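Here is the structure we will look at, set down as structure tokens.
Residue numbers begin at 1 in each chain, while the letters A, B, ... track the order of the sequences. Model, not experiment: these values are computed from the prediction.
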Amino acid sequence: MTEVRVRYAPSPTGQPHIGNVRTAFFNWLYARNNGGKFIVRMEDTDQERLVEGAYEGIFDALKWLGIDWDEGPDIGGPYSPYMQSERLKIYDANVEVLLNSGHAYKCFCTRDRLTKLRKEQTDSKADIKYDRHCLSLTSTQIKEHINSGDTYVVRYRVPSSEIVVIDDIVRGQVEWNTDFLDDFVLVKSDGYPTYHLANVIDDHAMKISHVLRAEEWLPSTPRHVLLYQSLGYEMPKFGHLPMILGPDRSKLSKRHGATSILEYRDLGYLPSAVINFMVLLGWSIDDHTEIISVEDMVASFDLKRVGKPAAVFDIDKLNWMNGMYIRSLDNNDLLVAVKNVCIDAYKGRGILLDDEILAKITPLIAPRLKNLMDAPEMIEYFFTQEIDMNKDLISTVGMDDEEIYNALFMSRQYFLESSNFNKSILEVDLRDICTRLESSPRKYFGLLRNVLTGKSATPPLFDVIEILGKNVTLLRIDAALDLFKIN
RNA sequence: GCCCCCGUCGUCUAGCGGCCCAGGACAUCGCCCUUUCACGGCGAAGAUCAGGGGUUCGAAUCCCCUCGGGGGUACCA
């Protein structure tokens, strides 16, 4: 069996979105499962659409997710270079072969003519395809065009009435009649190859064994097959992976909100969660397993279990999974992560983090976190004097003003005299106070929670009070007492 | 228009002729735990397996048609 060599061939025309990356990941999994190679090749043949920073973004995304590559433009490899813009000579040589063998021809048609042609065909509901205007050019005519400086493209001459068949790894047998294909462009007028040409030549040159790409490539596969045949190259196996759709079932785009995978990083998602969520879009390990380690993915990845239908991206499930992974983080990792987002969020607001307090509160918020970004707001009251506490919020506990005042007053006395802010002692004592007040835990503890944190939902109250400490506790009780002072 | 792919709960999916009047997960809704919110546990609801024809003793699973969705039809990838 020949070595498995698969590739991820992004073009640096934008930030990779979850669909691109999922495709990359499936390739990676397949390589790792088979002890093969995972190659990154940059398809930068569209000089007009290059986006600054896109190249870096692609590698940042892979690195963030822990997807490593064996060969690539940055690290080289036995089939360098891995940037298509640096492989122009290789394409030229192949084009020469195609031109000489009559499989390709030069086309001098202007874009205007092509646009007009297409419009006519659309209007008359005819097939939209190139009319082979330049196929019949004589060598003298071609010379004339070239002498007068006309630019040209090279087109592939599609044979008529042939049936092209592939045995797709995920879709099974798919066939096309070449009569429905038009003479596609191989080389653009700027001398750069099109995707069709470059990808076939490079996949062959780099000994790619399996072409695993998104389903949107399926329609152009017959062109590639034809090229392999004309060039006399052995064909790789094809596998067209299901696409990932937006909630409206259309191809993922900017309209669908966060589209770049890196945005998920910035939004507080863990790479492990994103990976796990992503792998389940179009693949499953069995009928019930949802949380899967990367090791297990590698060990059990099988193209046979890749599904055919496109998958809709469901942010709810990602959120749930993110929570699962946050909870599975060990204390210290979570602490570091939370600290980082807090530093960021508090920057410029004069809020100072206290490492000791942070270390105590982090384990308590872990089960409450679906996203790292939720943390700063959730624990802000530990680090700032100005909490969002007001009469309306306090009153939601269901006690009238007098009851509130009395409860706070009694609490104040207790806290003032208390010398041991330990949660178990606090719990015993405060429950006792609650009884003496003839209140209910729900009301009384709710009151204290509101007053001490400015929030109606927090980690367990006694933990919170212990961490807050005597000073802050008294300060906040006093502030609340002021609000309910009987005039 | 034409070509190609796809079609199981709202969503991700299991299923590859009898184990399925369809299993798991997210979301939803209850209940339990409980000082709140979560987590966790338990449970409910939710899919005439897109529809219609076949084949078969038997079909979500095989075949055909229809419908629906998506993708492609660029000197973009």
Inset, instruction - Examine A/Phe26 together with A/Tyr30 and report whether their ring centres are nearer than 6.0 Å. - result: no
Legend entry - Value in whole Å for how far the C1' atom of B/rC20 lies from CG of A/Asp287: 13 Å
Inset, instruction - Take atom CD1 of A/Ile315 and atom P of B/rC12, then tell me their distance rounded to the nearest Å. - result: 14 Å
Legend entry - Protein-nucleotide distance (A/Gln121, atom CD; B/rC3, atom P), rounded to Å: 15 Å
Legend entry - Salt-bridge contact A/Glu466-A/Lys360 (side-chain N to carboxylate O under 4.0 Å): no
Legend entry - Nearest-Å distance once atom P is located in both B/rC16 and B/rG7: 16 Å
Inset, instruction - For B/rC19 and B/rU28, measure between their C1' atoms and round to the nearest Å. - result: 31 Å
Inset, instruction - Using a heavy-atom cut-off of under 4.0 Å over every strand shown, decide if A/Glu175 touches base, sugar-phosphate, or nothing. - result: sugar-phosphate
Inset, instruction - In plain terms, say whether A/Lys423 and A/Glu427 are close enough for a salt bridge, that is, a side-chain N and a carboxylate O under 4.0 Å apart. - result: no
Inset, instruction - Check if the side chain of A/Arg449 and the base of B/rU35 share a donor-acceptor pair of N or O atoms closer than 3.5 Å. - result: yes
Inset, instruction - Evaluate the salt bridge (Lys or Arg N to Asp or Glu O under 4.0 Å) criterion for residues A/Lys455 and A/Glu377: first the C-alpha distance (whole Å), next the side-chain angles of each, then the deciding distance (0.1 Å), finally the verdict. - result: CA-CA 11 Å; A/Lys455 290 175 171 304; A/Glu377 200 264 328; 2.8 Å; yes
Inset, instruction - Calculate the interatomic distance between A/Ile365 atom CD1 and B/rA38 atom P; express it in whole Å. - result: 15 Å
Inset, instruction - Please report, rounded to the nearest Å, how far the C1' atom of B/rU13 is from the CD1 atom of A/Ile291. - result: 14 Å
Legend entry - Short side-chain N/O contact from A/Arg305 to OP1 or OP2 of B/rG15, under 4.0 Å: yes
Legend entry - Distance between C1' atoms of B/rU8 and B/rG51 (Å, rounded): 15 Å
Legend entry - A/His240 NE2 - B/rC3 P separation (whole Å): 19 Å
Inset, instruction - State whether the distance check finds a donor on one side and an acceptor on the other, under 3.5 Å, for side chain A/Arg368 versus base B/rC37. - result: yes
Legend entry - Heavy-atom protein contacts under 4.0 Å, nucleotides 70-77 of chain B, coded B base, S sugar-phosphate only, - none: SBSSSBBB
Inset, instruction - Look at the side-chain N and O atoms of A/Lys370 and state whether any lies under 4.0 Å from the OP1 or OP2 oxygen of B/rC39. - result: yes
Inset, instruction - Enumerate the residue pairs fulfilling ring-ring contact (aromatic ring centres under 6.0 Å, His included) with a member in residues 116-137 of chain A, sequence neighbours excluded, ordered by first and then second residue. - result: none
Legend entry - Donor-acceptor contact below 3.5 Å, side chain A/Arg157 vs main chain A/Leu135: no
Inset, instruction - Find out whether the Lys NZ or Arg CZ of A/Arg449 is both under 6.0 angstrom from the six-membered ring centre of A/Phe445 and within 45° of the ring's axis. - result: no
Inset, instruction - Using whole Å, report how far NZ of A/Lys308 lies from P of B/rC16. - result: 14 Å
